[in-house]
Participant: 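What follows is a single structure, and I will ask about it in a moment.
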Amino acid sequence: QVQLVESGGGLVQTGDSLRLSCYASGFTFINYGMGWFRQAPGKEREFVASVSWSGSNTLYSDSVKGRFTISRDNAKNTVYLQMNSLKPEDTAVYYCGRANQPGALTRTHLYNYWGQGTQVTVSS
């Protein structure tokens, strides 16, 4: 069955960096776009970044553009989110999702599998 397992979250200070990883199994990884979303307490899940099947196309939310970088290693069935210059407003549970198409997608309803999430907390 499809499994997505995130790792790399933690507690950091403003301005620090973190790299999240998401290992995928149970499907042909190269056939699907992948994305990172986040959800803060009391808020809806929101798009952060996505990457197409080849890694050649990426999309970012305005709030993270220029600070976060999404990438994927198809040989390792893994997608990454490099987060730099972290801010307190980046605090959330971060989820890895598998899109239902090969492209880089931004809409939550176009993702049909999710990981369990990893907590990122940025202190001021």
Side-chain angles (χ1 to χ4, degrees):
Q1 72 276 22
V2 174
Q3 284 193 314
L4 302 172
V5 180
E6 302 99 334
S7 62
L11 172 62
V12 297
Q13 295 186 333
T14 297
D16 284 351
S17 298
L18 276 177
R19 188 176 81 154
L20 305 183
S21 299
C22 172
Y23 175 72
S25 60
F27 64 98
T28 304
F29 186 67
I30 199 169
N31 285 351
Y32 297 93
M34 300 293 293
W36 287 97
F37 290 70
R38 66 188 182 187
Q39 188 167 16
K43 295 188 177 182
E44 293 187 353
R45 190 171 298 190
E46 66 172 3
F47 169 74
V48 174
S50 61
V51 61
S52 62
W53 69 275
S54 64
S56 60
N57 293 321
T58 57
L59 296 173
Y60 297 93
S61 68
D62 288 343
S63 61
V64 307
K65 198 172 296 182
R67 298 189 297 123
F68 291 10
T69 303
I70 189 171
S71 61
R72 64 189 294 163
D73 185 337
N74 287 338
K76 296 182 178 180
N77 279 20
T78 301
V79 59
Y80 304 98
L81 186 68
Q82 177 66 43
M83 305 186 295
N84 299 330
S85 302
L86 283 161
K87 305 174 182 180
E89 50 264 46
D90 294 319
T91 295
V93 177
Y94 283 71
Y95 295 92
C96 169
R98 193 201 81 172
N100 60 13
Q101 302 175 30
L105 306 176
T106 64
R107 303 291 182 93
T108 307
H109 73 275
L110 296 177
Y111 288 77
N112 47 11
Y113 291 97
W114 299 94
Q116 81 288 351
T118 186
Q119 177 70 47
V120 172
T121 302
V122 184
S123 64
S124 57

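The first residue of the sequence shown is numbered 1, and numbering continues consecutively from there. Hydrogens, waters and symmetry mates play no part in the numbers below; they use all other heavy atoms, side chains included.
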Participant: List the atom of Gly9, the atom of Thr118, and the distance in Å for their closest heavy-atom pair.
Facilitator: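 Here Gly9 and Thr118 meet closest at N-OG1, 3.2 Å.
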Participant: Quick one: OG on Ser50 to CZ on Arg107, what's the gap to the nearest 0.5 Å?
Facilitator: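 Nearest 0.5 Å value for the OG-CZ distance: 12.0 Å.
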Participant: Answer yes if Tyr95 and Leu4 sit in the same cluster of Ile, Leu, Val, Met, Phe, Trp and Tyr residues linked by side chain heavy atoms under 4.5 Å apart, and no otherwise.
Facilitator: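 No; Leu4 is not reachable from Tyr95 via cluster members.
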Participant: Over all heavy atoms of both residues, which pair between Tyr60 and Lys65 is shortest? Give the atoms and the distance, please.
Facilitator: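 Heavy atoms of Tyr60 and Lys65 come nearest at O-CE, 3.7 Å.
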Participant: Would you find a donor on one side and an acceptor on the other, under 3.5 Å apart, between the side chain of Ser56 and the backbone of Ser54?
Facilitator: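 Not confirmed, Ser56 side chain does not pair with Ser54 backbone.
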Participant: Considering only NZ, NE, NH1 and NH2 on the basic side and carboxylate oxygens on the acidic side, decide whether Asp90 and Lys87 come within less than 4.0 Å.
Facilitator: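 Salt bridge: no.
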Participant: Same cluster or not: are Tyr113 and Val48 linked, directly or through other Ile, Leu, Val, Met, Phe, Trp or Tyr residues, by side-chain heavy atoms under 4.5 angstrom apart?
Facilitator: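 They do share one cluster, since a chain of ILVMFWY contacts under 4.5 Å joins Tyr113 to Val48.
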Participant: Determine whether the aromatic ring centres of residues Trp36 and Phe68 are separated by less than 6.0 angstrom.
Facilitator: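 Centroid distance Phe68-Trp36: not below 6.0 Å, so no.
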Participant: So does Gln39 have more than 12 non-hydrogen atoms from other groups sitting under 6.0 Å from CD?
Facilitator: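 Buried by this count: over 12 neighbours within 6.0 Å.
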Participant: Quick check: is Tyr80 connected to Met83 through a chain of hydrophobic side chains (ILVMFWY, heavy atoms under 4.5 Å apart)?
Facilitator: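 No.
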Participant: Is the ring pair Phe27/Tyr32 parallel, tilted or perpendicular, if the boundaries are 30 and 60 degrees?
Facilitator: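 Phe27 vs Tyr32 ring planes: perpendicular.
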Participant: Looking at every non-hydrogen atom in both residues, tell me the closest pair between Cys96 and Met34 and how far apart they are.
Facilitator: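 Closest heavy-atom pair between Cys96 and Met34: SG-CE, 3.6 Å.
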Participant: Between the side chain of Arg98 and the main-chain N/O of Phe29, is any donor-acceptor distance below 3.5 Å?
Facilitator: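 No; zero donor-acceptor contacts below 3.5 Å.
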Participant: When you measure from the side chain of Thr58 to the backbone of Val51, do you find a donor-acceptor pair of N or O atoms at a distance under 3.5 Å?
Facilitator: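 The answer is no, because no donor-acceptor pair under 3.5 Å joins these two groups.
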Participant: Under the side-chain contact (heavy atoms from CB on, under 4.5 Å) criterion, do Val120 and Leu20 qualify, and how do the steps go?
Facilitator: CA-CA 9 Å; Val120 172; Leu20 305 183; 4.1 Å; yes
Participant: Between Thr14 and Ser124, which heavy-atom pair has the shortest distance, and what is it?
Facilitator: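 Scanning both residues, the minimum pair turns out to be OG1-CA, 3.4 Å.
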Participant: Specify the closest pair of heavy atoms between Leu81 and Ala49, including all atoms of both residues, with the distance to one decimal.
Facilitator: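 Scanning both residues, the minimum pair turns out to be CD1-CB, 4.1 Å.
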Participant: Using the side-chain hydrogen bond (donor to acceptor under 3.5 Å, both in side chains) criterion, which residues pair with Ser25? Sequence neighbours excluded.
Facilitator: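 Counting only residues at least two positions away or on another chain, Ser25 forms no side-chain hydrogen bond (donor to acceptor under 3.5 Å, both in side chains).
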Participant: Determine, stepwise, if the pair Thr108 / Phe47 fulfils side-chain contact (heavy atoms from CB on, under 4.5 Å).
Facilitator: CA-CA 7 Å; Thr108 307; Phe47 169 74; 5.8 Å; no
Participant: In terms of hydrophobic clustering (I, L, V, M, F, W, Y; side-chain heavy atoms under 4.5 Å; direct or indirect links), are Ile70 and Val93 co-clustered?
Facilitator: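 Per the 4.5 Å side-chain linkage, Ile70 and Val93 are not co-clustered.
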Participant: As an exercise, state the distance from CD of Gln101 to OG of Ser52, rounded to the nearest 0.5 Å.
Facilitator: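 Between atom CD of Gln101 and atom OG of Ser52 there are 12.0 Å.
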Participant: State yes or no: are the ring centers of Tyr111 and Phe37 separated by less than 6.0 Å?
Facilitator: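 Tyr111 vs Phe37: aromatic centres under 6.0 Å.
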Participant: For Trp53, is there any backbone N or O sitting under 3.5 Å from a side-chain donor or acceptor partner on Asn74?
Facilitator: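 Yes; at least one donor-acceptor contact below 3.5 Å.
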Participant: According to a 4.5 Å side-chain heavy-atom criterion applied to Ile, Leu, Val, Met, Phe, Trp and Tyr, with indirect links allowed, do Val5 and Val2 form part of one hydrophobic cluster?
Facilitator: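 Cluster IDs for Val5 and Val2 differ.
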Participant: Can you name the one residue among Glu46, Glu44, Glu6, Glu89 that meets salt bridge (charged side-chain N to carboxylate O under 4.0 Å, His left out) with Arg38?
Facilitator: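 Answer to the salt bridge (charged side-chain N to carboxylate O under 4.0 Å, His left out) test with Arg38 among Glu46, Glu44, Glu6, Glu89: Glu46.
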Participant: Looking only at heavy atoms, which two atoms of Ala99 and Leu105 are closest? And how far apart?
Facilitator: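 Heavy atoms of Ala99 and Leu105 come nearest at CB-CD1, 3.7 Å.
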Participant: Please list, chain by chain and in numerical order, all residues satisfying salt bridge (Lys or Arg N to Asp or Glu O under 4.0 Å) with Lys43, sequence neighbours excluded.
Facilitator: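 Result, salt bridge (Lys or Arg N to Asp or Glu O under 4.0 Å) vs Lys43: none returned.
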Participant: Within the structure provided, determine whether Gln119 and Thr91 are in side-chain contact (heavy-atom separation under 4.5 Å).
Facilitator: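 The answer is yes; the side chains approach within 4.5 Å.
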